[in-house]
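Residue indices begin at 1 and follow the sequence shown.
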Amino acid sequence: MTLQRRILILATAVALLAAVCVLAVLRASSRADEKDRARAGGPRITRGALSLAPGDGGRRVVFRNMAWGPHRDELATVAADATDGTRTASGVSCLRFHAAGGTGICLRADRSGVQEGYRAVVLDARLKEVSAHPLGGVPTRARVSPGGHLAAWTVFVGGDSYAGTDFSTRTSVLDLRTGRLEASLEEFTILEDGKPYRAADVNFWGVTFTADERIFYATLATGGRTHLVRGDLAERTVTTLRENVECPSLSPDGTRLVFKKRVPGLPAEAPWRLHVLDLASGAETPLGEERSVDDQVVWIDDSTVVYALPGDFGADLYALPADGSGAPARLMDSALAPAFLG
């Protein structure tokens, strides 16, 4: 093959590669523009004020709106008993969100620097920023304590999925009364069978707070296993309670935890089933959802839980009895990270 022919082949390959790159950019741009346009048959959304105050506006749900259109990713609200009604969008965008006691925690993208990063932003009842904290990874979980005085968040700092084993997390807890930030629960003393436990592969995620706002539950992963732990913020300790518990969420009455549990025989990419743990008796009850749920479930009340599953436009919310009876029912289309208030 002559040198001229080799140069021609190389030039052709470079041109084809450039064309593919341009096409990919144009398709991504077109997809982004499409998401900014409301889809036919989607939920009706209007711009308006949104409150996180417990007694302001009746029983309602605040969530990340996933519907395509100009209000995608914004916090929105509807009445809890009319979730198919018109959504009120706030103009405040979050990737992950939770609220309780008049306080919100919003994990959002931070585009103020040269490279995109993330921040945890504490919001007051009117969605005004109270404080902001840089995040060292991709947001994945967020929780506020029942009284609104504590906020917790988890980020991925390596890997991108709980389904596999090649990931690392960092979980932080912020006390809004004192401003004290526990940057990583990995700094707490771990107690297993009454003895201190140390390992290099420790990861925490999925914090849920009790009503006294001192005790919390969370997931601890180490040695290829996950554990339910009970944490004490004052003592800076976590105590292992049982294995194979992930992303616990405490019921409003403080008696039960709903969580996802790995079930042998399921696909590696979809290994979980939802269970409820009675804290007094230790009894576990499988719930009536046969799909794999990779979410930290929330409680509507003491009898019903809500969680997200992938949908056509990001995620949809489903409601399910917490006693093992019944079947899941779709609660909302195009919604994520709900908080039930009022």
Peer 1: Would the number of heavy atoms belonging to other residues, nucleotides or ligands and lying under 6.0 Å from CZ of Arg198 be above 12?
Peer 2: no

Peer 1: Between Gly148 and Thr103, what is the shortest heavy-atom contact and its length?
Peer 2: O-OG1, 2.9 Å

Peer 1: Distance from Leu176 atom CG to Asp124 atom CG, nearest 0.5 Å?
Peer 2: 11.0 Å

Peer 1: Is there a chain of hydrophobic side chains (I, L, V, M, F, W, Y, each step under 4.5 Å between heavy atoms) that links Leu277 to Val258?
Peer 2: no

Peer 1: Hey, are the side chains of Val293 and Tyr318 touching, using non-hydrogen atoms and a 4.5 Å cut-off?
Peer 2: no

Peer 1: Please, which pairs that meet disulfide bond (SG atoms under 2.5 Å apart) have at least one residue in residues 52-99, sequence neighbours excluded?
Peer 2: Cys94-Cys106

Peer 1: Carefully, step by step, assess Trp205 and Glu246 under the rule side chain to side chain contact (heavy atoms under 4.5 Å, CB included).
Peer 2: CA-CA 8 Å; Trp205 66 86; Glu246 299 184 52; 3.4 Å; yes

Peer 1: Over all heavy atoms of both residues, which pair between Asp316 and Asp333 is shortest? Give the atoms and the distance, please.
Peer 2: OD1-CA, 3.3 Å

Peer 1: Would you give the length of the straight line joining atom CZ of Arg236 to atom OG1 of Thr189, rounded to the nearest 0.5 angstrom?
Peer 2: 7.5 Å

Peer 1: Counting only N and O atoms by type, is there a donor-acceptor contact under 3.5 Å from the side chain of Ser172 to the main-chain atoms of Ala183?
Peer 2: yes

Peer 1: Shortest non-hydrogen contact from Ala339 to His98?
Peer 2: CB-CD2, 4.2 Å

Peer 1: Using a 3.5 Å distance criterion without hydrogens, assess whether the side chain of Thr77 forms a donor-acceptor pair with backbone atoms of Val61.
Peer 2: yes

Peer 1: Nearest 0.5 angstrom please: Lys261 NZ to Arg273 CZ, how far?
Peer 2: 12.5 Å

Peer 1: Flag the pair Asp110 / Tyr118 as yes when at least one side-chain heavy-atom distance between them is below 4.5 Å, and no otherwise.
Peer 2: no

Peer 1: Can any side-chain N or O of Ser168 pair as donor or acceptor with the backbone N or O of Gly158 at less than 3.5 Å?
Peer 2: no

Peer 1: Going hydrophobic residue to hydrophobic residue with side-chain gaps under 4.5 angstrom, can you get from Trp153 over to Val130?
Peer 2: yes

Peer 1: Identify the two heavy atoms, one from Arg126 and one from Ser51, that lie closest to each other, and give their separation to 0.1 Å.
Peer 2: NH1-CB, 3.4 Å

Peer 1: According to a hydrophobic-cluster definition based on side-chain heavy atoms being under 4.5 Å apart (Ile, Leu, Val, Met, Phe, Trp, Tyr only), do Leu107 and Val122 belong together?
Peer 2: yes

Peer 1: Does any non-hydrogen side-chain atom of Phe259 lie less than 4.5 Å from one of Thr208?
Peer 2: no

Peer 1: Determine whether a donor-acceptor pair (N or O, by modelled atom type, separation under 3.5 Å) exists between the side chain of Ser249 and the backbone of Val297.
Peer 2: yes

Peer 1: Once the angle between the rings of Phe209 and Phe216 is folded into 0 to 90°, is it parallel (under 30°), tilted (30 to 60°) or perpendicular (over 60°)?
Peer 2: perpendicular

Peer 1: Check for a donor-acceptor pair, side chain of Asp212 on one end and backbone N or O of Arg214 on the other, with a separation under 3.5 Å.
Peer 2: yes

Peer 1: Is the backbone of Thr140 close enough, under 3.5 Å, to the side chain of Arg96 for a donor and an acceptor to pair up by distance?
Peer 2: yes

Peer 1: Within the side chain of Arg59, is there an N or O that forms a donor-acceptor pair under 3.5 Å with the backbone of Gly342?
Peer 2: yes

Peer 1: Are any of the side-chain heavy atoms of Leu220 and Phe188 separated by less than 4.5 Å?
Peer 2: no

Peer 1: Could you measure the distance from the OG atom of Ser145 to the CD1 atom of Ile215? Nearest 0.5 Å is fine.
Peer 2: 12.5 Å

Peer 1: Do Ser90 and Val62 have side chains that approach each other closer than 4.5 Å (heavy atoms only, starting at C-beta)?
Peer 2: no

Peer 1: Using every non-hydrogen atom in the two residues, find where Pro321 and Gly326 come nearest and quote the distance to one decimal.
Peer 2: CG-CA, 4.2 Å

Peer 1: Could you check whether any side-chain heavy atom of Val155 comes within less than 4.5 Å of a side-chain heavy atom of Val138, counting everything from C-beta outward?
Peer 2: no

Peer 1: Answer yes if Ile105 and Val121 sit in the same cluster of Ile, Leu, Val, Met, Phe, Trp and Tyr residues linked by side chain heavy atoms under 4.5 Å apart, and no otherwise.
Peer 2: no

Peer 1: I need the Arg87 CZ to Thr46 OG1 distance, nearest 0.5 Å.
Peer 2: 11.5 Å

Peer 1: Should Thr154 and Val207 be marked as a side chain to side chain contact (heavy atoms under 4.5 Å, CB included) after you check the CA-CA gap, both sets of side-chain angles, and the distance that decides it?
Peer 2: CA-CA 8 Å; Thr154 298; Val207 169; 5.5 Å; no

Peer 1: If two hydrophobic side chains count as joined below 4.5 Å and joins carry through other members, does Leu75 share a cluster with Leu341?
Peer 2: yes

Peer 1: Using side-chain heavy atoms (C-beta onward) and a distance below 4.5 Å, is Arg60 in contact with Asp81?
Peer 2: no

Peer 1: Indicate whether the side chain of Thr240 and that of Tyr197 have a donor and an acceptor atom separated by less than 3.5 Å.
Peer 2: no

Peer 1: Is the shortest heavy-atom distance from the side chain of Arg141 to the side chain of Cys247 under 4.5 Å?
Peer 2: yes

Peer 1: Between atom CG of Leu233 and atom OG1 of Thr210, what is the distance when rounded to the nearest 0.5 Å?
Peer 2: 8.5 Å

Peer 1: What I want to check is whether the side chains of Asp232 and Thr237 have a donor and an acceptor closer together than 3.5 Å.
Peer 2: no

Peer 1: Would the distance check show the side chain of Gln296 and the main-chain N or O of Pro248 forming a donor-acceptor pair, the cut-off being under 3.5 Å?
Peer 2: yes

Peer 1: Evaluate the criterion side chain to side chain contact (heavy atoms under 4.5 Å, CB included) for residue pair His227 and Glu192; output intermediate values, then yes/no.
Peer 2: CA-CA 10 Å; His227 304 260; Glu192 184 177 35; 4.0 Å; yes

Peer 1: According to the interplanar angle, ranging from 0 to 90°, do the rings of Phe313 and Trp68 count as parallel (below 30°), tilted (30 to 60°) or perpendicular (above 60°)?
Peer 2: perpendicular

Peer 1: Keeping the roles fixed (side chain from Glu213, backbone from Gly147), state whether a donor-acceptor pair exists under 3.5 Å.
Peer 2: yes

Peer 1: Kindly say whether Leu228 contributes a backbone atom to a donor-acceptor pair with the side chain of Arg242 at under 3.5 angstrom?
Peer 2: no

Peer 1: Evaluate side chain to side chain contact (heavy atoms under 4.5 Å, CB included) for Val238 paired with Leu185, printing each intermediate quantity in order.
Peer 2: CA-CA 9 Å; Val238 294; Leu185 290 184; 5.5 Å; no

Peer 1: Quick one: closest heavy-atom pair of Glu74 and Gly91, and the distance?
Peer 2: OE1-N, 2.8 Å

